[in-house]
Amino acid sequence: MSTGFSSAGSGGVTILLDAGEASILRSLVAQVLGLVEPGSTGEDPLERALGIGAAEQPSDPVLARLFPSAYADDDEASAEFRRYTEATLREGKRADAEILLKTAEQGMVHLTAEQAQAWLRALNDVRLALGVRLEVTEEIHEELAEMAEDDPRYPAYVTYDWLTYLQDTLVRALW
């Protein structure tokens with residue numbers, strides 16, 4: 001397993017990935033990229049130009065987690081906020097995922113400060129998506145410690161834990 005991220009000066013970071021780690025990262029990010037389709041806008045040219053889109057909350061629990069309601073107790077305000085922001089948020093998530101896909105390779109990976117920030121956001125999106133699918137709770141570490149290695153959920157939980165580790169080491173290397 002990777003030793004995590006290290007600071008490389010000038011705000012950049014490095015990580016040594018083996019072939020399996022690079023493949024897992026690329027696969028998971030590609031799956032999230034597939035979920036986060038470009039935001040749709042209305043037919044009106046002004047709406048398209050301004051990125052004004054749909055107001056409905058996504059029905060997929062993963063997308064609902066990636067694009068949460070801005071106001072928990074005000075559906076109308078949340079819909080209006082979503083209408084003006086979701087298309088742009090989708091574009092940002094897609095751009096971050098693309099950067100990770102282009103740079104996650106076997107061997108020593110050198111990331112600029114901007115690329116590292118994109119990785120941080122993309123890793124967060126993957127962790128959120130996987131966490132929703134696995135129904136991760138605060139007790140994940142206790143569950144993982146008690147889980148048998150032949151449990152069919154074990155690889156997914158270990159992957160989630162590894163992503164958490166990567167994100168933690170990236171945050172530490174950046175700050």
Side-chain angles (χ1 to χ4, degrees), residues 1-2 4 20-43 47-48 50-104 116-171:
M1 181 163 99
S2 166
E21 292 168 332
S23 177
I24 289 169
L25 280 173
R26 293 175 56 78
S27 174
L28 291 170
V29 170
Q31 290 176 46
V32 170
L33 185 60
L35 283 173
V36 183
E37 298 171 347
S40 60
T41 58
E43 294 300 316
E47 284 185 4
R48 280 198 309 270
L50 296 176
I52 299 172
E56 298 83 31
Q57 183 172 358
S59 59
D60 181 332
V62 170
L63 290 176
R65 182 69 175 107
L66 291 174
F67 303 103
S69 293
Y71 305 97
D73 56 349
D74 189 339
D75 292 341
E76 188 175 320
S78 285
E80 193 69 7
F81 184 82
R82 180 178 306 283
R83 185 167 178 250
Y84 290 102
T85 61
E86 189 170 311
T88 303
L89 290 173
R90 284 176 179 269
E91 288 173 23
K93 289 182 181 303
R94 291 183 61 78
D96 292 337
E98 291 287 350
I99 289 170
L100 191 147
L101 288 172
K102 288 177 186 172
T103 56
Q117 291 293 329
W119 269 61
L120 190 58
R121 291 184 298 266
L123 285 172
N124 189 59
D125 289 343
V126 170
R127 283 187 64 248
L128 288 173
L130 187 56
V132 168
R133 294 289 190 236
L134 295 175
E135 299 178 348
V136 169
T137 65
E138 294 289 326
E139 291 81 31
I140 185 173
H141 296 292
E142 292 83 16
E143 290 176 40
L144 188 55
E146 294 173 8
M147 192 178 291
E149 290 185 19
D150 62 349
D151 186 311
R153 301 170 300 157
Y154 187 77
Y157 275 80
V158 169
T159 301
Y160 180 87
D161 195 48
W162 176 65
L163 291 168
T164 302
Y165 165 76
L166 286 182
Q167 190 175 28
D168 178 63
T169 62
L170 180 51
V171 167

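For this chain, numbers begin at 1 and follow the sequence in order.
A distance of 12.0 Å separates CG in Asp161 from CD in Glu143, rounded to the nearest 0.5 Å. Atom-to-atom distance recorded for Leu33:CG and Arg94:CZ is 4.5 Å, nearest 0.5 angstrom. One distance of note links NZ of Lys93 with CG of Leu63; it measures 10.0 Å at 0.5 Å rounding. Interatomic distance, Glu98 CD to Thr103 OG1, rounded to the nearest 0.5 Å: 11.0 Å. The structure places OG of Ser69 at 10.0 Å from CG of Asp74, a figure rounded to the nearest 0.5 Å. For the atom pair CG of Leu163 and CG of Leu170, the computed distance is 12.0 Å after rounding to the nearest 0.5 Å.
Checking side-chain atoms of Arg65 against main-chain N and O of Ala129 turns up no donor-acceptor pair under 3.5 Å. No side-chain donor-acceptor contact under 3.5 Å links Ser27 to the backbone of Ser23. Of the possible polar contacts, none joining the Arg90 side chain to the Phe67 backbone as a donor-acceptor pair under 3.5 Å is found.
Between Arg127 and Asn124 the shortest side-chain heavy-atom distance falls below 4.5 Å. For the pair Trp162 and Leu25, the minimum side-chain heavy-atom distance is below 4.5 Å.
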Side chain to side chain contact (heavy atoms under 4.5 Å, CB included) between Leu128 and Val132: does it pass, once the steps are laid out? CA-CA 6 Å; Leu128 288 173; Val132 168; 5.6 Å; no
Arg83 vs Glu80, side chain to side chain contact (heavy atoms under 4.5 Å, CB included): CA-CA, chis, key distance, verdict: CA-CA 5 Å; Arg83 185 167 178 250; Glu80 193 69 7; 4.1 Å; yes
Let's go through Leu144 and Tyr154 carefully: what are the C-alpha distance in whole Å and the side-chain angles of both, what is the deciding distance for side chain to side chain contact (heavy atoms under 4.5 Å, CB included) to 0.1 Å, and is it a yes or a no? CA-CA 7 Å; Leu144 188 55; Tyr154 187 77; 3.8 Å; yes
Any chance you could lay out the side chain to side chain contact (heavy atoms under 4.5 Å, CB included) test for Asp151 and Tyr157, step after step, and finish with the verdict? CA-CA 10 Å; Asp151 186 311; Tyr157 275 80; over 6 Å; no
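The shortest heavy-atom contact between Thr169 and Gly4 is OG1-CA, 3.5 Å. Ala122 and Asp96 make their closest contact through CB-O, 4.0 Å (heavy atoms, listed as atom of the first residue, atom of the second, distance). Contact detail for Leu134 and Tyr160: the closest heavy-atom pair is CD1-CB, 4.1 Å.
Salt-bridge formation is detected for the pair Arg133/Asp60: a Lys NZ or Arg NE/NH1/NH2 atom is positioned less than 4.0 Å from an Asp or Glu carboxylate oxygen.
The neighbour count for Glu76 CD, taken as heavy atoms of other residues, nucleotides or ligands under 6.0 Å away, does not exceed 12. At most 12 non-hydrogen atoms from other residues, nucleotides or ligands lie less than 6.0 angstrom from CG of Asp75.
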